Amino acid sequence: MTVTVVVGMQWGDEAKGKLVDILAKDYDYIVRFNGGNNAGHTIKVGDKKFGLHLIPSGIFHEDKIKVIANGVIIDPEVLLNEINKVESAGYSLKNLFISNRAHIILPWHKDLDGVSVAKSIGTTKRGIGPTYADKASRNTAVRIVDLFDESKLKKHLENISNLKLKTIAIYGKTSEFNTEEIFNNLINFRKQIENKVKNTSYLLNDAINSGGSVLLEGAQGSLLDIDHGTFPYVTSSNVISGAACTGTGIPPNKIDKIIGITKAYTTRVGTGPFPTELENEEGELLRKQGNEFGTTTGRPRRCGWLDLVVLKYTCMLNGVTELVVTKIDVLNGFEEIKVCTHYEIYGKKIDRFISSGLEKVKPIYKSFKGWKELNEKDWEEIKKSKKLPKEMEEYLNFISKELNVKINTLSFGPERDQTLFL
Ligand code: GDP
Ligand code: IMO
Ligand code: MG
């Protein structure tokens with residue numbers, strides 16, 4: 001029995017999806033515990049490629065049980081489309097279960113996302129913030145379980161939609177909501193998923209108590225965590241490994257392993273400070289070689305060097321027990337590779353992440369020599385011999401030593417077999 005959490009160590013898109021697909025074969029349950037369809041997790045097997053937003057990245061393992069747990073927020077239309085897409089490709093989702101406590105994204109949430117004239121966060125505009133806000137507000141929220149009491153739901157929707165129209169008007173916008181249609185859509189949604197709806201906290205704890213193994217798939221990256229990230233340029237939920245407990249009902253003492261995923265460099269989508277961002281040709285090259293365009297929104301991702309101040313902080317927050325470094329192939333051809341070890345702010349050198357004023361820090365770098373370009377054949381050799389090019393080994397050893405965590409997996413391409421277990 002093992003319970004493992006997979007968590008992003010940066011600002012998201014660290015290739016959590018790829019890793020979950022690889023690890024899934026050793027687990028009975030694959031569980032998404034936070035976020036909504038702001039997430040985009042890509043899994044690729046042969047010529048099959050999926051960008052998943054809600055369903056856990058275990059779809060290629062049909063016999064495994066997949067769970068969308070209580071911490072996730074669900075856009076009904078997106079979930080139905082995704083189920084349809086996966087099933088049309090020939091993968092059964094009869095083993096998919098959905099928490100009856102998960103909250104629902106409604107049309108007004110999407111209209112309200114990003115209308116605020118305050119700081120522009122550059123959200124994915126999927127209604128994430130407004131839905132989690134309603135979850136916290138409580139009396140304007142709708143959960144999956146509420147879809148089972150139709151008369152109560154109808155009244156509730158009428159009340160909320162009136163309130164939301166007024167809220168949207170405050171921002172100088174107008175919207176129209178056909179409450180009847182929203183209600184009918186929700187009932188239709190419920191009918192399509194009702195055999196999958198469960199109290200997943202009991203499902204998962206029963207599984208663990210009878211010896212089952214569980215893989216918990218995080219969305220976003222630790223620096224997008226609402227408490228610990230680069231607030232206010234964050235998402236609206238907790239993201240770090242602790243959220244795997246609140247987001248599923250699995251207690252902390254049942255967690256055995258916490259796998260942190262980091263790219264060999266850094267990316268960020270949306271607004272907010274990014275100390276090691278490269279707004280130059282090197283950044284362009286990372287974007288091009290790494291194909292750094294958002295899985296969800298298609299936006300170009302901002303790219304920069306690896307930041308150890310970030311990783312030390314996120315290793316601490318998550319209690320990372322092992323580290324996976326992805327997209328090492330993207331550094332191919334760089335003569336010099338830099339790693340940020342400290343920040344300088346007001347003439348002082350610091351190695352701890354700060355809670356505000358991050359846009360004022362200047363990164364201090366250590367330079368590494370790049371390695372010769374590696375092709376497929378070179379990687380085959382490396383996989384056989386487990387011997388990395390000297391320069392790459394120096395780069396990775398430095399990272400591992402600074403973070404005091406073992407790097408046990410290296411990813412050098414989107415495919416399953418482009419993975420090296422060290
Ligand atoms: P996630 O949100 O953390 O699951 O990551 P995304 O799927 O949003 O972004 C990662 C992207 O990198 C996807 O397009 C993957 O197919 C791709 N990818 C994953 N691992 C590697 C790798 O080692 N090298 C390269 N070049 N691409 C990778
Ligand atoms: P995965 O799981 C990268 C970012 C958005 C924006 C901020 C707030 O694929 O790693 P939101 O819509 O959540 O209110 O937007 O968070 N963001 C992500 N960036 N990967 C993600 O998920 C993200 N989910 C949210 O770009 O800056
Ligand atoms: Mg992603």
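Being a predicted model, the structure only gives us computed values, none of them experimental. Just follow the structure's listing: the first ligand is 1, and inside any ligand the first atom is 1.
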Quiz prompt | Atoms named by residue and atom, protein N, O or S, within reach of the Mg ion (ligand 3) (under 2.8 Å) | solution = Asp13 OD1, Gly40 O
Quiz item: Looking at ligand 1, does any of its N/O atoms fall within less than 3.5 Å of an N/O of Lys16?
Solution: yes
Practice problem: Just jot down the ligand 1 atoms closer than 4.0 angstrom to any heavy atom of Gly17, in number order. | Solution: 4 (O)
Quiz item: Would you say the side-chain atoms of Thr200 and Asn70 include a donor-acceptor pair closer than 3.5 Å?
Solution: no
Self-check item: Of the listed options Ile328, Val325, Leu420, Thr42, closest to atom 15 (C) of ligand 1 (non-hydrogen atoms)
Solution: Thr42
Quiz item: Are Thr131 and Lys135 close enough that a side-chain donor and a side-chain acceptor fall under 3.5 Å?
Solution: no
Exercise. Could you tell me whether the side chains of Asp307 and Tyr343 share a donor-acceptor contact shorter than 3.5 Å?
Key: yes
Exercise. Report yes or no: is the cationic atom of Lys64 (NZ for Lys, CZ for Arg) under 6.0 Å from the centre of the six-membered ring of Tyr27, at an angle within 45° of the ring normal?
Key: no
Practice problem: Begin with the C-alpha distance, continue with both residues' side-chain angles, and end with the deciding distance and a verdict on salt bridge (Lys or Arg N to Asp or Glu O under 4.0 Å) for Arg287 and Glu292. | Solution: CA-CA 5 Å; Arg287 189 173 306 113; Glu292 294 295 359; over 6 Å; no
Exercise. Return the orientation label for the Phe412 and Trp379 ring planes: parallel under 30°, perpendicular over 60°, tilted otherwise.
Key: parallel
Quiz item: Would Thr314 and Asn318 count as having a side-chain donor-acceptor pair, cut-off 3.5 Å?
Solution: no
Practice problem: State whether the shortest distance between N or O atoms of Gly40 and N or O atoms of ligand 1 falls below 3.5 angstrom. | Solution: yes
Quiz prompt | Test: Lys48 cationic atom under 6.0 Å from Phe50 six-membered ring centre, within 45° of axis | solution = no
Quiz item: Between Trp305 and Phe334, does the ring centre distance come in under 6.0 Å?
Solution: yes
Quiz item: Under 3.5 Å, is there a donor-acceptor pair linking the side chains of Asn38 and Gln220?
Solution: yes
Quick one: table the atom pairs, ligand 2 N or O against protein N or O, below 3.5 Å, distance rounded to 0.1 Å.
unit_1	atom_1	unit_2	atom_2	d
ligand 2	2 (O)	His41	NE2	2.7
ligand 2	2 (O)	Gln220	N	2.7
ligand 2	9 (O)	Asp13	OD1	3.0
ligand 2	9 (O)	Gly40	N	3.0
ligand 2	9 (O)	Gly40	O	3.1
ligand 2	10 (O)	Asp13	N	2.8
ligand 2	10 (O)	Lys16	NZ	2.7
ligand 2	12 (O)	Thr124	N	2.9
ligand 2	12 (O)	Thr124	OG1	2.5
ligand 2	13 (O)	Asn38	ND2	2.9
ligand 2	13 (O)	Thr235	OG1	2.6
ligand 2	20 (N)	Asp13	OD1	3.2
ligand 2	20 (N)	Asp13	OD2	3.4
ligand 2	24 (N)	Gln220	NE2	3.2
ligand 2	26 (O)	Val269	O	3.2
ligand 2	26 (O)	Arg299	NH2	2.9
ligand 2	27 (O)	Val269	O	3.0

Practice problem: Tell me, please, whether Phe97 has Lys198 positioned over its six-membered ring: NZ or CZ under 6.0 Å from the ring centre and within 45 degrees of its axis? | Solution: yes
Practice problem: Please check if any side-chain donor atom of Tyr365 sits under 3.5 Å from a side-chain acceptor atom of Thr341, or the reverse. | Solution: no
Exercise. Could you list which atoms of ligand 1 come closer than 4.0 Å to a heavy atom of Arg301?
Key: 8 (O), 9 (O)
Practice problem: Run the contact test for Gly413 against ligand 1 with a 4.0 Å cut-off on heavy atoms, strictly below, and give the result. | Solution: yes
Quiz item: Atom CH2 of Trp371 and atom NZ of Lys369: how far apart are they, to the nearest 0.5 Å?
Solution: 11.5 Å
Quiz prompt | Gap separating the OG1 atom of Thr124 from the CZ atom of Arg299, nearest 0.5 angstrom | solution = 7.0 Å
Exercise. Considering heavy atoms of the protein only, find what lies nearest to atom 19 (C) of ligand 1 and give residue, atom and distance to 0.1 Å.
Key: Ala15 CB, 3.5 Å
Quiz item: Closer than 4.0 angstrom: is that true for some heavy atom of Lys44 and an atom of ligand 1?
Solution: no
Practice problem: Could you find the nearest protein heavy atom to atom 27 (N) of ligand 1 and give me its residue, atom name and distance? | Solution: Lys327 CE, 3.3 Å
Quiz item: Does a side chain donor of either Asp63 or Asn95 reach within less than 3.5 Å of an acceptor in the other side chain?
Solution: no
Quiz item: For residues Glu62 and Ser92, is any side-chain donor paired with an opposing acceptor at under 3.5 Å?
Solution: no
Exercise. Just let me know how Asp329 lines up against ligand 1, side chain, backbone, both or neither, with a heavy-atom cut-off below 4.0 Å.
Key: side chain
Quiz item: Heavy-atom contact under 4.0 Å between Gln10 and ligand 1?
Solution: no
Quiz item: Would a 4.5 Å heavy-atom cut-off, applied to side chains only, mark Leu311 and Phe353 as touching?
Solution: no
Self-check item: For atom 10 (C) of ligand 1, the protein heavy atom that lies nearest, with its residue and separation
Solution: Asp13 O, 3.9 Å
Practice problem: Could you list the atoms of ligand 1 found under 4.0 angstrom from a heavy atom of His41? | Solution: 1 (P), 2 (O), 4 (O), 7 (O)
Quiz item: Of the protein's non-hydrogen atoms, which lies at the shortest distance from atom 16 (O) of ligand 1, and what is that distance?
Solution: Pro414 CB, 3.4 Å
Exercise. May I ask you to list the atoms of ligand 1 that are less than 4.0 angstrom from any heavy atom of Ser411?
Key: 20 (N), 21 (C), 22 (C), 23 (O)
